[in-house]
Amino acid sequence: MKFSDLGLSQPVLQALELKGYDTPTPIQEQAIPPVLAGRDLLGIAQTGTGKTAAFMLPGIDRLRESENRIPFKSCRMLVLAPTRELATQIATSAKDYGALAGLKVQVIVGGTSVNKDRNKLHRGTDILIATPGRLLDLIDQKAFNLSGVEVLILDEADQMLDLGFIHALKRINQLVPKERQTLFFSATMPKQIKDLVSGYCNNPVQVSVTPAATTAERIEQYLFMVQQDEKQSLLELILSGRHTVPGDLERVLIFTRTKHGADRVVKKLGQKGIDANAIHGNKSQPQRQRALDEFRRGKVNILIATDVAARGIDIPGVSHVINYELPNVPEQYVHRIGRTARAGKDGIAMAFCAEDERAYLKDIQRNTDAELERLDLPENFRAVVEGVGPTKPAPRGQTRVSTKKVRPKPFGSKKSAADGAKDGAARPKPKNKHPSRKGKPGGKPGGRPGGFKRRSGGGGGSRSKGGGGPRSA
Ligand code: AMP
């Protein structure tokens, strides 16, 4: 199946060619024809499936077909998204796909200047991507209205509900014209979402892709049983390459349950000279954007996130997702690990499970069919946690941390391998413990060393501002 078989217009096909996409993903294949035919759509899909193009491409063609003018202080296509990051990301796609169709794209999100938004929307736009709160602010100020909406898209509706946008969504439904096309996307279908769908959609075509279990199939999933107060040390050992884990640590996304937890991890990593950024709801929009940009560009390869902030963001090349704390909702686990293994690639997920999280783990395993292979903790781990270093000396003639196991530049460790040993590092395991990585030295594909940038001088310098609580993990 090719994009040209789906009935898309020439400008859209050209834009796809420029992006280098030739084969539609399953959701695109299933969603594009009925949307082009004018049907409402209910898409049960998560990020990573190609759902943005699944609604944006035919949406653009619907606008082209209707040939209506840009309405004053209104828009023709409205896309609602839960978070600023997702809205910004959708806007980028809309600009890419809509460029050759000559459509005007605007984005409005909270945390930025309302006045600027008023100005940029004064003359209206073809496509508006908005978070619900900011959109209603502008509507309340009479700076915008929804009377021109021909196509309405709700993306990650379940997440919008989780964020408390239910009333906003109900209000928006009252404000959009009855005559319109609605494309409704949600990763999950709890009752509240079903009710919302029946209010928004008219006899929608239902498309469902990659149920939880299949998404997880491409992802190797591992588990550390570790005490709560040991998690930070374990993370440090892994990120610094002093405890070998499967796969090359290229870009690591780490999930914590709370904003403070995220800040705390960043701060403590900073104290060990490991550079990381945090992204969560207490960060300003520029801080969040900068953290994402630095992560995307590979400048800071470790990002600590809460579910809300990370939901829907598309970052190619995440090699590892670490669940520093397990989510209490199994679906959240699938969303989290789905940040890796994107665009058909393999990925690695590791969960740190403490005694009091066993129930969450069971829930995850039961509901998602996830199979997590248990990994051993580093040797002498408790001694490392307590700061007394390895109790056993390294065997004669062997340095405690093999230089092979420490990533050389460009990850730029200014510390030598011997420094690692001085820090009281646990030795990486020499033997391959992971059947799926058989034949590859140290259980790592290609045997490349792991570990991340350690700033010279170590200590302090967390990028995270504020919120870094004194509690230990
Ligand atoms: P999404 O689920 O919309 O966030 O898309 C996930 C990723 O897949 C994004 O990086 C898209 O740019 C990319 N993508 C979407 N459709 C295709 C396609 N047909 N071929 C290749 N990559 C795609």
Side-chain angles (χ1 to χ4, degrees), residues 1-8 12-33 35-36 41 43-61 77 79-99 105 107 127 129 153-160 183-188 207-212 214-216 218-219 251 253 292-293 295-298 305 307 309-319 321 331 334-347:
M1 174 76 73
K2 291 204 209 98
F3 277 112
S4 50
D5 300 330
L6 299 177
L8 291 164
V12 167
L13 290 175
Q14 273 170 14
L16 284 168
E17 211 176 304
L18 287 177
K19 296 267 293 179
Y21 300 166
D22 49 13
T23 317
T25 65
I27 192 161
Q28 290 161 2
E29 217 177 286
Q30 294 172 58
I32 291 173
V35 176
L36 284 176
L41 181 88
I44 303 165
Q46 38 196 281
T47 318
T49 53
K51 69 179 161 65
T52 313
F55 63 72
M56 197 51 83
L57 301 174
I60 285 171
D61 273 351
M77 183 201 288
V79 185
L80 295 170
T83 61
R84 303 159 193 179
E85 284 75 19
L86 183 58
T88 313
Q89 193 175 292
I90 295 170
T92 308
S93 296
K95 283 174 190 161
D96 288 349
Y97 302 136
V105 178
V107 57
I127 302 175
I129 298 104
I153 295 151
L154 289 93
D155 197 12
E156 309 245 353
D158 50 351
Q159 182 70 359
M160 289 200 266
L183 317 178
F184 192 112
F185 288 84
S186 183
T188 57
V207 169
S208 172
V209 292
T210 54
T214 33
T215 307
R218 291 202 317 270
I219 304 171
R251 207 163 294 165
L253 185 56
L292 273 180
D293 287 346
F295 192 61
R296 280 204 183 97
R297 283 189 284 117
D307 292 299
R311 182 74 180 264
I313 57 173
D314 173 38
I315 301 158
V318 174
S319 61
V321 168
E331 276 140 0
V334 179
H335 286 305
R336 287 180 178 190
I337 69 170
R339 305 304 95 216
T340 181
R342 295 172 79 75
K345 288 190 185 134
D346 289 343

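Since we're looking at a predicted model, the values are computed, not measured. First listed ligand is number 1; within each ligand, the first listed atom is number 1.
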If we number the atoms of ligand 1 from 1 as shown, the ones under 4.0 Å from a heavy atom of Thr23 are 18 (C), 19 (N), 20 (N)
Run the numbers for me: atoms of ligand 1, each under 4.0 Å from some heavy atom of Phe3, listed by number. 19 (N)
Going by the atom numbers of ligand 1, which of them fall below 4.0 Å from some non-hydrogen atom of Thr52? 1 (P), 3 (O), 4 (O)
Heavy atom to atom 23 (C) of ligand 1, shortest distance: which of Phe185, Tyr97, Tyr21 holds it? Tyr21
Nearest 0.5 Å, please: how far is CG in Asp155 from OG in Ser186? 9.5 Å
Does Lys2 have more than 12 heavy atoms from other residues, nucleotides or ligands lying within 6.0 Å of its NZ? no
Nitrogen or oxygen atoms of Gly50 and ligand 1 under 3.5 Å apart: yes
Looking at Gln14, I want to see if its CD is surrounded by more than 12 non-hydrogen atoms of other residues, nucleotides or ligands under 6.0 Å. yes
Is the contact between Lys19 and ligand 1 made by the side chain, the backbone, both, or neither, using heavy atoms and a 4.0 Å cut-off? neither
Could you walk me through whether Met1 and Gln28 pass side chain to side chain contact (heavy atoms under 4.5 Å, CB included), step by step? CA-CA 11 Å; Met1 174 76 73; Gln28 290 161 2; over 6 Å; no
Ile127 vs Ile60, test: side chain to side chain contact (heavy atoms under 4.5 Å, CB included). Steps then yes/no. CA-CA 9 Å; Ile127 302 175; Ile60 285 171; 4.1 Å; yes
